[in-house]
Amino acid sequence: MPSEKEFVTLLNQHQKIVYKVCNLYMDTVPDREDLFQEITLQAWKAYGSFRGDAKFSTWLYRVALNTAITFFRREKRNPGIISTEILPDAADEPGDPVEEQVKAMYAAIGQLSKVDKAIVMLYLEDYSYNEIGETMGITANNVAVKMNRIKARLKEQAHAAEQDL
Amino acid sequence: MDLDNIKDQLKQRIANDHYSRSPEQLAALLNRRAGSMVGKLKNSLRFEIAGCVIVIACFVWIAAVTGHRSYRIYFSVFAVVMAVLLVALAVLLNRTTRLSNTDLPVRHNLQLIAGHMKKLVKWYFFFTMLLIPVCAAFVIVLAYYEKGSFPTHLLGWQQVSPAGVIVFLGVYLLVLTIAAYYFTKWYLKKLYGNYISRLEDCINELSEE
C-alpha cells in the first residue's frame with residue numbers, strides 16, 4: 001500500500017516539475033489549476049507502480065506529460081484569466097534584447113503541438129535524446145529528427161514574433 | 001535566435017509561477033475527483049451499469065405481473081440479454097480502471113487509451129444495432145401468434161388483421177433502425193469521437209519520422 005505521506009513529501013520536493021508542465025500546456029490560470037490537480041491525482045494513482053528503478057523526477061515528468069497530453073478541454077467562449085506570463089511585463093526594461101528573445105521564443109513554444117511541447121520540455125531539462133525517447137516511447141533517432149524540425153520552426157516563429165513585438 | 005542560446009532563461013520563465021503549495025494543500029488534492037477522459041469514461045460506464053440494473057428490475061417485474069404470455073416471454077428474454085450486457089459493462093469498467101497507467105512511455109499510453117476507447121465505441125455500436133433485429137424478430141413472432149396482446153386500442157384501431165400488425169411493426173422497426181443508427185453514431189461521436197481523433201493525431205505525430 002503506497003504511503004500518502006511519502007508521496008506528498010516527494011511531490012512537495014518536485015512540485016516545480018508539475019508547475020512547469022502546467023505553465024507550458026495551459027494559458028489561463030484556472031486551466032493551470034485544473035491541470036495541476038489532475039496531474040497530482042494521476043501521479044498518486046500511479047504511485048503504487050513506482051518501483052524506484054528510475055529517478056522520481058523522471059517518473060513524475062512521464063506522468064505529468066501523459067496527463068497534460070491527454071487532458072482536453074472544451075473551447076470556452078470566455079477565456080478566463082490569462083496568465084500574466086503571456087502579457088507584457090511592465091517591470092521589464094523596454095528593448096532588453098535578451099528578454100525580448102526569450103518572450104518571443106516562449107510564445108513560439110506555446111504554439112507547438114502537445115507532442116512537440118513535451119519533447120522541448122524534456123530537452124530544456126537537459127535530458128539526453130535517449131532519455132527523451134524512453135519517456136516518449138520513440139527512438140532516440142526520431143527524437144533527434146523532431147528536435148531539428150522543432151528548432152527550425154521555433155527560430156522562424158520566434159523571429160517573426162520578435163519583429164511584431 | 002537559437003533555442004540553445006537562451007535555454008537557461010527559457011527554463012526559468014517556464015518554471016515561474018505565482019505561489020508554491022504546502023504539503024497539506026498537496027495532500028488535499030489527492031481526495032478530489034479526477035477530470036480526465038478516462039475518469040469520465042468510468043463515470044459513464046457506472047451510469048450505464050446503474051441504468052442496466054434498473055431496466056432488468058423493470059423487465060422482471062413486467063414479466064411477473066403481465067397476463068400476456070408473449071409479453072412475459074419478451075421481457076424475460078430481454079432481462080437475460082440486459083444481464084449479459086451488465087456483465088460486459090462490469091468487465092469494461094474493470095479494464096478501464098486498470099487503464100490509468102500514466103507512467104508508461106507517452107506513445108504506449110496514448111495507444112492503450114485510444115485502442116480501449118475505439119473498442120468500447122465499436123462494441124457499443126455493434127451491440128445496439130444487433131439488438132434491433134433481435135427485438136424485431138421477437139416482436140413480430142410474438143405479435144403474430146398472440147395478436148390479442150397487441151395494444152391496438154392505444155392506436156385507435158378497432159379491427160386489425162395479423163398482416164396489418166406485421167406491416168405496421170415492420171415500418172415502425174425500419175424507422176427505429178434508421179433513427180437508432182444515426183442517433184447512436186452521433187451520440188458516440190459526441191461522447192468520444194473527437195477525443196479519439198485527437199489522441200490518434202498525437203500518436204501519428206509521435207510515430208512519424
Side-chain angles (χ1 to χ4, degrees), chain A residues 4 7-9 11-12 15-16 19-20 23-24 29 34 36-38 40-46 49-50 59 62-63 65-67 69-72 85 98-99 101-102 104-106 109 113-116 118 120-121 123-125 134-138 141-142 145 150-151 154-155 158-159 162, chain B residues 1-40 97 100-114 194-195 197-199 201-209:
Chain A
E4 185 177 309
F7 172 75
V8 169
T9 305
L11 184 64
N12 187 42
Q15 58 178 300
K16 215 161 194 175
Y19 288 136
K20 287 181 199 175
N23 289 346
L24 199 61
V29 171
D34 286 346
F36 187 96
Q37 182 188 311
E38 191 60 32
T40 307
L41 265 168
Q42 295 300 333
W44 170 232
K45 283 183 187 174
S49 61
F50 175 60
W59 178 86
R62 196 180 280 191
V63 171
L65 290 172
N66 266 321
T67 308
I69 289 172
T70 55
F71 190 74
F72 289 109
E85 276 301 306
V98 174
E99 185 56 32
Q101 283 183 5
V102 171
M105 186 62 79
Y106 185 66
I109 291 173
S113 69
K114 288 190 168 206
V115 166
D116 284 349
V120 164
M121 162 125 275
Y123 178 78
L124 289 175
E125 293 300 311
E134 274 172 23
T135 301
M136 299 302 292
I138 56 179
N141 190 51
N142 198 351
V145 169
I150 290 169
K151 282 182 186 177
L154 284 177
K155 193 172 180 176
H159 182 68
E162 201 188 6
Chain B
M1 180 204 330
D2 254 305
L3 182 69
D4 295 308
N5 296 345
I6 51 173
K7 212 170 164 182
D8 291 331
Q9 292 95 325
L10 266 173
K11 273 166 70 170
Q12 197 183 2
R13 194 164 193 98
I14 292 169
N16 192 13
D17 196 49
H18 304 285
Y19 66 93
S20 232
R21 285 171 174 81
S22 66
E24 291 74 29
Q25 285 174 314
L26 289 172
L29 291 177
L30 304 187
N31 298 318
R32 300 256 181 108
R33 269 191 347 184
S36 66
M37 198 62 196
V38 173
K40 283 175 186 160
T97 304
S100 306
N101 291 327
T102 46
D103 56 351
L104 287 176
V106 170
R107 190 167 72 130
H108 300 157
N109 186 51
L110 295 177
Q111 284 170 334
L112 205 63
I113 296 174
N194 291 335
Y195 185 71
S197 320
R198 290 188 196 183
L199 285 182
D201 286 344
C202 289
I203 293 165
N204 291 337
E205 198 181 330
L206 276 167
S207 304
E208 68 187 15
E209 290 220 21

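Proteins get letters first, then strands, A, B, ... in listed order; numbering begins at 1 in each. What you see is a predicted model, and the numbers here were worked out from it, not measured in a lab.
Remark: B:Asp4 CG to A:Tyr123 OH distance equals 3.0 Å, nearest 0.5 Å. We find the CD1-CD distance between B:Ile6 and A:Gln101 to be 6.0 Å, quoted to the nearest 0.5 Å.
Judged as a side-chain contact (heavy atoms from CB on, under 4.5 Å), and not counting sequence neighbours, B:Ser197 has no contacts. For B:Asp201, there are no side-chain contact (heavy atoms from CB on, under 4.5 Å) partners at least two apart in sequence or on another chain.
Counting only heavy atoms from C-beta outward, the side chains of A:Thr70 and B:Tyr195 approach each other to under 4.5 Å.
Listed here is the closest heavy atom pair of B:Cys202 and A:Val115: O-CG2, 3.7 Å. Heavy atoms only, all atoms of each residue included: A:Gly137 and B:His108 are closest at O-NE2, 4.4 Å. Of all the heavy atoms in A:Asn12 and B:Pro23, the pair that sits closest is ND2-CG, 3.5 Å. The two residues B:Leu104 and A:Asn66 have their closest heavy-atom pair at O-ND2, 2.8 Å.
For B:Gln111, no part lies under 4.5 angstrom from a heavy atom of chain A. Looking at A:Ile109, the atoms closer than 4.5 Å to chain B (heavy atoms on both sides) all sit in the side chain, from C-beta outward.
Remark: the backbone N or O of A:Arg62 is not paired with any side-chain donor or acceptor of B:Asp103 at under 3.5 angstrom.
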